**Student:** 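The structure follows.
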Amino acid sequence: LKAKYLGGIAQAGDEAALEELRLAALGKKGEISLKMRELGQMSPEERQTTGAALNVLKSEIDAALRAKKAALADAALDARLAAEWLDVTLPGRPRPAGTIHPVSQVMDEVTAIFADMGFDVAEGPQIESDWYNFDALNIPPEHPARQEFDTFFMARDPADARPPHVLRTHTSPVQIRAMEAKGAPIRVIAPGRVYRMDMDQTHAPMFHQVEGMAIGRDISMANLKWTLEEFCKAFFEVPNVELRFRASHFPFTEPSAEVDIRCSWEGGQLKIGEGDSWLEILGSGMMQPKVLAAGGIDPNEWQGFAFGMGIDRIAMLKYGIPDLRAFFESDLRWLKHYGFAP
Ligand code: PHE
């Protein structure tokens, strides 16, 4: 019996085989258990020797079972360690990291430059009410300027008489919101997305503007000119810029001026700050008294300048990008070419 069981245990290949052997020997109907039961019919002397021998055998088998079970578990662990082995010293596989969108990068540059000049940042919603986008900016319902904006209108229940909301056509509504929120004096810029139904090489239906506004008791065109010149020098990284203020018209400014920057196109290369060409970069002017009043500010006490600049446009100029639409195509080769991605 001893040889049979100890031999079997030694050869068992897994826990199930071990369990089978345990039941066959020590289980209720196991061979050893049956022999134990037979002890009752033996003479006292026989019972003593056989009983003792059976007890020894029983504990030997028991010990062998335990030892084999532990050995099997060790072997299983070794096998797993070998199979799931991981070399932590191998170099990692590089994964390309994303980068900030070029327009956001330019927006951050613009914001930082104006922050240095003491301008706070204000924001407004992209879905704007007719009031903030038009009326408050001195563009009443029948004003011809409304047509020039190529506005996207939101759907409105036909039974609702109120004018529909619009996708804001410029960042100028933030002028009104900022005046309401902070009063005067105030110095803010408002960068953000704007929308117009337009699409060609230099126009996209969604583009970006930064609005600027400064209100004080004696803010003048001279302050506007200085602010824009300082901005252009810092943004285009040139020691000198020349700006040309061209008389223009916006309902929300009086007087109004469109501003051009001196530049040259040598061999298709754009250079800012020198040459005989002019490029329009923004619209501006002194704030119309009605606009100040719409923002809750007394135009007899306060005056201010405002400007609105196309961010995508000045980014194109700074980086020499010919097609605006490329900004929104996420073409990695394009991003790399212009240094916007590693
Ligand atoms: N909102 C004008 C536009 O989008 C730009 C502008 C802003 C002009 C502020 C004057 C003052 O064309």
Side-chain angles (χ1 to χ4, degrees), residues 103 107 110 114 119 121-126 128-140 143-152 166-179 186-198 202-216 219-225 227-228 231-232 243-261 279-295 297 299 302-315 324:
V103 171
M107 241 177 199
V110 170
F114 280 109
F119 285 76
V121 174
E123 279 182 314
Q126 294 178 38
E128 190 54 283
S129 70
D130 188 84
W131 162 258
Y132 281 110
N133 196 80
F134 294 123
D135 287 295
L137 292 163
N138 194 32
I139 315 173
H143 197 289
R146 286 208 174 203
Q147 266 62 66
E148 289 160 22
F149 278 116
D150 301 314
T151 310
F152 286 109
V166 300
L167 292 182
R168 68 177 178 193
T169 56
H170 49 180
T171 42
S172 298
V174 189
Q175 287 185 29
I176 309 294
R177 292 182 175 275
M179 285 188 275
I186 184 174
R187 235 182 307 175
V188 289
I189 57 163
R193 292 184 167 175
V194 301
Y195 302 83
R196 291 182 204 176
M197 270 184 273
D198 214 346
T202 56
H203 295 90
M206 185 279 294
F207 58 105
H208 302 79
Q209 286 188 334
V210 60
E211 193 80 7
M213 174 177 83
I215 300 173
I219 291 278
S220 71
M221 286 291 267
N223 301 126
L224 171 67
K225 185 161 181 276
T227 303
L228 293 177
F231 167 76
C232 287
L243 297 182
R244 179 171 76 177
F245 283 65
R246 226 176 343 99
S248 183
H249 178 264
F250 299 104
F252 30 91
T253 46
E254 181 60 44
S256 301
E258 281 174 301
V259 177
D260 306 331
I261 191 165
L279 261 171
E280 184 192 325
I281 55 167
L282 59 90
S284 66
M286 295 303 293
M287 293 177 72
Q288 229 279 354
K290 285 186 198 163
V291 174
L292 288 164
I297 289 178
W302 303 95
Q303 55 191 32
F305 70 66
F307 62 84
M309 188 159 49
I311 293 180
D312 322 75
R313 190 174 170 79
I314 60 167
L324 170 73

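Note that the numbering runs from 1 along the sequence shown for the chain. As the structure lists them, so they are numbered: ligands from 1, and atoms in each ligand from 1. Only a predicted model underlies this, so the values are computations on that prediction, with no experimental measurement involved.
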**Student:** Using the side-chain contact (heavy atoms from CB on, under 4.5 Å) rule, take V188 and F119 through it: C-alpha gap first, then chi angles, then the decisive distance, then the call.
**Tutor:** CA-CA 5 Å; V188 289; F119 285 76; 5.5 Å; no
**Student:** Which protein residues have a heavy atom closer than 4.0 Å to any atom of ligand 1, listed by chain and number?
**Tutor:** H170, S172, Q175, R196, Q209, E211, F250, F252, T253, G283, S284, A306, F307, G308
**Student:** Please name all residues satisfying ring-ring contact (aromatic ring centres under 6.0 Å, His included) with F250, sequence neighbours left out, ordered by chain then number.
**Tutor:** F252
**Student:** Please determine if E211 and R177 form a salt bridge, counting it only when a charged side-chain N lies under 4.0 Å from a carboxylate O.
**Tutor:** no
**Student:** With ring centroids as reference points, do F307 and F114 lie under 6.0 angstrom apart?
**Tutor:** yes
**Student:** State whether Y132 and R168 meet the cation-pi test: NZ (Lys) or CZ (Arg) under 6.0 Å from the six-membered ring centroid, and within 45° of the perpendicular axis.
**Tutor:** no
**Student:** Can you see which heavy atom on Q209 is nearest to which on I311, and at what distance?
**Tutor:** O-CD1, 3.4 Å
